[in-house]
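Since we're looking at a predicted model, the values are computed, not measured. The chain is numbered in sequence order, starting from 1.
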Amino acid sequence: MPRYRIHRMKQSPREQFRWAAHTGGLATIKPKDYEAAEEGEAPTPYALWKQFQISGTPLHPGDVVETLADDAAPGPLQITKYIGFEAAQWYVPEAKPATAPVILEAENSGATSECESSR
């Protein structure tokens with residue numbers, strides 16, 4: 001049976017999520033807005049949702065369900081929305097491009113500075 005890890009959305013981002021317009025498609029989520037919580041086993045994410053409803057710790061809109069592989073490696077993410085689950089992914093910032101060293105033209109041309117030529 002599939003195992004899942006729950007990531008609970010923190011309160012401040014939850015308020016923003018609650019009032020944001022509904023969008024479809026892949027949701028990009030930030031790890032700083034979540035806290036890793038409990039794990040559970042269920043045949044489907046919807047069955048897991050039902051288990052948590054019955055246990056008294058329901059999944060709220062904005063909470064994330066992460067499928068775990070047999071070796072506990074992270075798998076696909078699904079975000080809980082008012083209408084069910086939708087695919088999600090963690091936000092990964094772009095790597096900053098490496099800056100090339102700046103070479104001054106005077107150094108390359110062999111020109112002497114004014115101080116050296118006046119001696």
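Across every non-hydrogen atom of A88 and I29, the tightest pair is CB-CD1, 4.3 Å. Contact between A36 and H7 at its shortest, heavy atoms only, is CA-ND1, 3.8 Å. Across all non-hydrogen atoms, the minimal contact from R8 to A37 is CG-CB, 3.6 Å. The shortest non-hydrogen separation linking A42 to L48 is CB-N, 3.5 Å. Scanning both residues, E38 and F52, for their nearest heavy atoms gives CG-CE2, 3.3 Å.
Here the CD atom belonging to Q11 is positioned 12.0 Å from the CG atom belonging to D33, to the nearest 0.5 angstrom. Atoms NE2 and OH, on H60 and Y82 in that order, are 10.5 Å from each other to the nearest 0.5 Å. Once rounded to the nearest 0.5 Å, the distance linking NZ of K81 with CZ of F17 reads 5.0 Å.
Neither L77 nor Y4 shares a network with the other; the hydrophobic side chains, linked directly or stepwise wherever heavy atoms of I, L, V, M, F, W or Y lie under 4.5 Å apart, form separate groups for each. Under the 4.5 Å side-chain heavy-atom criterion for ILVMFWY residues, a single connected hydrophobic cluster contains both I79 and W90. Hydrophobic clustering (ILVMFWY, side-chain heavy atoms < 4.5 Å, transitive): I6 and W49 are in one cluster.
Checking each of D63, L59, T80 against M9 for a side-chain contact (heavy atoms from CB on, under 4.5 Å) leaves exactly one that passes, namely D63. With R3 as reference, E39 is the one residue of E41, E39, E66 to meet the side-chain hydrogen bond (donor to acceptor under 3.5 Å, both in side chains) rule.
Residues passing the ring pair (Phe, Tyr, Trp, His ring centres under 6.0 Å) test with F85 are Y46, sequence neighbours excluded.
Atom NZ of K50 has 12 or fewer neighbouring heavy atoms from other residues, nucleotides or ligands inside a 6.0 Å radius.
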